[in-house]
K.L.:
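The structure under discussion is supplied below as structure tokens; questions concerning it will follow.
Quick note on labels: first sequence line is chain A, next is B, and so on, each numbered from 1.
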Number of protein chains: 2
Amino acid sequence: MATQAAIPTSTQSWVEHTADALRRAGYRSSGPRMAVVETLGRHDCVLTAGEIADRLRSEGRDVGVATVYRALELLEGLGLLHRLETGEGPTRYEPAHPTGEHHHHLLCERCGHVSAFEDQGVERSLGRLARRLDFRVEGHDLVLRGQCAVCAAESRSKAEGRA
Amino acid sequence: MATQAAIPTSTQSWVEHTADALRRAGYRSSGPRMAVVETLGRHDCVLTAGEIADRLRSEGRDVGVATVYRALELLEGLGLLHRLETGEGPTRYEPAHPTGEHHHHLLCERCGHVSAFEDQGVERSLGRLARRLDFRVEGHDLVLRGQCAVCAAESRSKAEGRA
DNA sequence: GTTCCTGCAAAATTTTTGCATCAGT
DNA sequence: ACTGATGCAAAAATTTTGCAGGAAC
């Protein structure tokens, strides 16, 4: 029920869907803008604005940071991206799938690693909750904080060593 | 089950509990530090570092921003504060109650207002989920995004006016 | 040919840090 | 007294903005 495995992202289709959505909304599919979209589409994990700019630079496709930020802002406004803030470091972004299918995140507070999971039980609870609140719920963000398996094992063995 | 009413915060006791926890952890209960704690304790809603500094200044108790940030960092590290990032504006903080009792937030994306709610159904789902993951879950953050009742009413009446 | 988009660089915002001085225990 | 905490101011890190030139439609 709760999957922690790689989430199938059918990258290509999100990039295509995004290009369509931009055109339909009257925006241009310029080179730099699509370079940002393609970079996001190639990674199922979250990326920061800086990381996107760096990756593009290392591919020889220099795109100014301002352009990256503007593209991210536009895409998020169109519901094509999800934003994730973990409290450490800059804001991260990842593709939002048109199916409404989405996942949430596990943040390891020791190593900073972010991974994804899905859980239908939680989604159902959130759906029921949304119907009860005097608030028009349009989306939700959920982050579980703690220690990933690797770090948990490390801190366990350290504790044993000390004992 | 889902409460959106004011959450009883028994302010005084959190401030006292925090002073104790600081002392027990070997930290000093200095004037500026406790001024930050008391400001947080007087508000059940979230506050930013800047807001805390401003409130203190307007009370005549000037505390440097650096001190506010250092106090917030310390308190969060001791589990005495929760941190909330909404993606708009600076990080917000609020008291974390020693009972483990906690709430989550509703963020209105139109007016930026943040309110709180509790829901046992969601908490139970999250508990079940945590047991299934290969991850040592120590806490969770949940933000529901959308429109508050006021903004939803406004956008509804605007739509009618246009029709 | 328009109009939107980009890149650069400067500015704004938020948070962190170094260091001399001060206060809590 | 000792040691940690503060305040200031400078720096770092992240994001936004103005504007002249360039690219998409």
K.L.:
For A/E73, does the CD atom have more than 12 heavy-atom neighbours from other residues, nucleotides or ligands under 6.0 Å away?
P.N.:
no

K.L.:
Answer yes or no: does a side-chain N or O of A/Y69 lie under 4.0 Å from OP1 or OP2 of D/dT16?
P.N.:
no

K.L.:
Would one find a side-chain N or O of B/S30 under 4.0 angstrom from OP1 or OP2 of D/dT6?
P.N.:
yes

K.L.:
How many whole angstroms separate atom CD of B/E51 from atom C1' of C/dT14?
P.N.:
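So the two atoms are 13 Å apart, to the nearest Å.
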
K.L.:
Is the distance from OP1 or OP2 of C/dG7 to the nearest side-chain N or O of A/T67 less than 4.0 Å?
P.N.:
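Affirmative; the distance criterion is met.
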
K.L.:
Rounded to the Å, how far apart are A/R57 CZ and C/dC8 C1'?
P.N.:
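So the CZ-C1' distance, A/R57 to C/dC8, works out to 13 Å.
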
K.L.:
In this structure, how many angstroms lie between the C1' atom of D/dT17 and the CD atom of A/E73, rounded?
P.N.:
11 Å

K.L.:
Which heavy atom of A/L133 sits nearest to which heavy atom of B/F117, and what is that distance?
P.N.:
CD2-CB, 4.3 Å

K.L.:
Ignoring the backbone of A/R33, work out which of C/dC8, C/dT25, C/dC5 is nearest its side chain.
P.N.:
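It is C/dC5.
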
K.L.:
Round to the nearest Å and state the distance from A/L22 atom CG to D/dA23 atom P.
P.N.:
20 Å

K.L.:
To the nearest Å, how far apart are B/R23 CZ and D/dT3 P?
P.N.:
21 Å

K.L.:
Just wondering, do B/C148 and B/S115 contact through their side chains at under 4.5 Å, heavy atoms?
P.N.:
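They are not in side-chain contact.
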
K.L.:
Choose from D/dT3, D/dC19, D/dG7 the nucleotide whose nearest atom is closest to any side-chain atom of B/R28.
P.N.:
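Nearest listed nucleotide: D/dT3.
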
K.L.:
Let's see if you can work this out: which of C/dT15, D/dG7, C/dC5 has an atom nearest to the side-chain heavy atoms of B/R70?
P.N.:
D/dG7

K.L.:
Rounding to an integer number of Å, can you tell me how far B/L47 CG sits from C/dT15 P?
P.N.:
13 Å

K.L.:
Of B/A49 and B/S29, whose closest DNA chain C nucleotide lies nearer the 5' terminus?
P.N.:
B/A49

K.L.:
Pick from A/E16, A/H17, A/R24: which one makes a side-chain contact (heavy atoms from CB on, under 4.5 Å) with A/D20?
P.N.:
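Filter result, single survivor: A/R24.
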
K.L.:
Start at the 5' end of DNA chain C and walk down; is the nucleotide closest to B/G89 or to A/Y27 reached first?
P.N.:
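Upstream on the strand: A/Y27.
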
K.L.:
For the pair made of CD1 in B/I52 and P in C/dT14, what is the distance, rounded to whole Å?
P.N.:
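Distance, rounded to whole Å: 14 Å.
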
K.L.:
Mind checking if B/V63 touches a base, just sugar-phosphate, or nothing, with heavy atoms under 4.0 Å?
P.N.:
sugar-phosphate

K.L.:
Rounded to whole angstrom units, what separation is found between the CE atom of A/M34 and the P atom of C/dT6?
P.N.:
11 Å

K.L.:
Among B/R92, B/E94, B/H82, which residue meets the side-chain hydrogen bond (donor to acceptor under 3.5 Å, both in side chains) test with B/H105?
P.N.:
B/E94

